[in-house]
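The structure under discussion appears below in the form of structure tokens.
Naming: A, B, ... by sequence-line order, numbering from 1 per chain. The figures that follow rest on heavy atoms only: side chains count, while hydrogens, waters and symmetry mates do not.
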2 protein chains.
Amino acid sequence: MDDGEARTRVLDAAEELFYGRGIQTVGMDAVRGASGVALRRLYQLFPSKGALVEAYLLRRDARWRAGLAAYVDAVDAPPRERVLAVFDWLRDWFEEPGFRGCAFINSFGELGATSPEVAGAARRHKEEFFRYVTRLVAAAGAPDSAGRQVALLAEGAMTTAALTGSSAPAREARDAAAALLDAAVRR
Amino acid sequence: MDDGEARTRVLDAAEELFYGRGIQTVGMDAVRGASGVALRRLYQLFPSKGALVEAYLLRRDARWRAGLAAYVDAVDAPPRERVLAVFDWLRDWFEEPGFRGCAFINSFGELGATSPEVAGAARRHKEEFFRYVTRLVAAAGAPDSAGRQVALLAEGAMTTAALTGSSAPAREARDAAAALLDAAVRR
DNA sequence: ACAGCGTGAGAACGATCGTTCTCACGCGCT
DNA sequence: AGCGCGTGAGAACGATCGTTCTCACGCTGT
């Protein structure tokens, strides 16, 4: 097993464990067990648990936003529908087994106060997400303020879906976003 | 110092520490130091750290919702303005020094996967909040669906304010809620 | 074939945490 | 006054965690 494969195996295990059980709850030994990569090698790939956490967040950010962008890109419809497609993607995500809310909100709640790296990663992730939503909303002819409002709805849907274990917030947020868009464009 | 005062001193210290730094980051020794209550007595007031965490969440839930309700009750205005007052109260909260987001979302992200008690406390808190918002929205003549949408906006504002360290999301969510209310009532 | 470097498995180390125990002290009751 | 229960301060204990070390093993180059 070369370094590249070891790295992805470690990151895959770390992502499943950190996301599923929380970061502090998961020891490096659990990552070793789930990845099959020896502790010694694990530490030469990632010099500390903090570095592994950072890598986990970084890769998840890239994957998550790429997944959303790919989904929206595949929607061949007017800009308004492309904005709403964000909430369809969220619904699919909420219904995935093992869904436990937004990894960045969770890790920020857990470590944001004590780890500037985690706080920064979460902030950057949300900034990018807000920027992306605002761009979609702008294409639908609504101002930036509407973009931020739509993003707030998405944010609320994520945490509420996590707390209640239901995907219904995706639909409710989608309806609200549609109403906001129509109100903002009609003006 | 009688038991009642010791209890509130412990709970005050626990709230400040758990909310400010996260639950797992704070040891019982830190609670002892901040409260001035000896470890032995601390454990006879709360038989375990889990029990103290539960008590912390329970008291914070009651205080938080009572504070919101008192603020809204003091607003002598039409029902629509009373709904929007929720977001004014949120703005004030966001601007308090030490604001670090919703304690229940944070603790759910940290321990929701491993502690049914924490998960349940967070779920109940949000349920009550949603019920309260829905009641305010109903008084303004909008359906329950609009109530849940407004609550999603509040939820999103909380997490976004925490992540960005800004109170602007309160205003943006307020504007969005106003638009949603007007659209829902006009129909 | 053989010396040597890197590897894997896991023990070991130091720190920390939740929880309990020790022990000397102060207060209330008779 | 003297006895005893409960208290406070902190040491102690067992577990766990992040990280490093040990050591035997297998592959590589000549």
(request) Respond yes when some side-chain nitrogen or oxygen of Gln44(A) is under 4.0 Å from OP1 or OP2 of dT7(C), and no when none is. (result) yes
Ionic contact status for Asp61(A) with Lys126(A), cut-off 4.0 Å: no
Leu45(B) atom CG is separated from dG8(D) atom C1', nearest whole Å, by 14 Å
Between CZ of Arg41(A) and P of dG6(C) the distance, given in whole Å, is 13 Å
By ring-ring contact (aromatic ring centres under 6.0 Å, His included), Phe129(A) pairs with (sequence neighbours left out) Trp64(A)
Are any of the side-chain nitrogens in Arg7(B) or Asp3(B) under 4.0 Å away from the carboxylate oxygens of its partner?
no
Whole-Å distance, Leu42(B) CG to dG10(D) C1', equals 14 Å
Output yes when a side-chain donor or acceptor of Tyr19(B) lies under 3.5 Å from a complementary backbone atom of Arg100(B), and no otherwise. yes
5' to 3', nucleotides 11-28 of chain D under a 4.0 Å protein heavy-atom cut-off (B base, S sugar-phosphate only, - none) gives -------SBB-B------
Is there a donor-acceptor pair closer than 3.5 Å between any side-chain N or O of Ser115(B) and the backbone N or O of Gly112(B)?
no
Q: Indicate the ring-plane relationship of Phe99(A) and Trp93(A), choosing parallel, tilted or perpendicular according to the 30° and 60° boundaries.
A: perpendicular
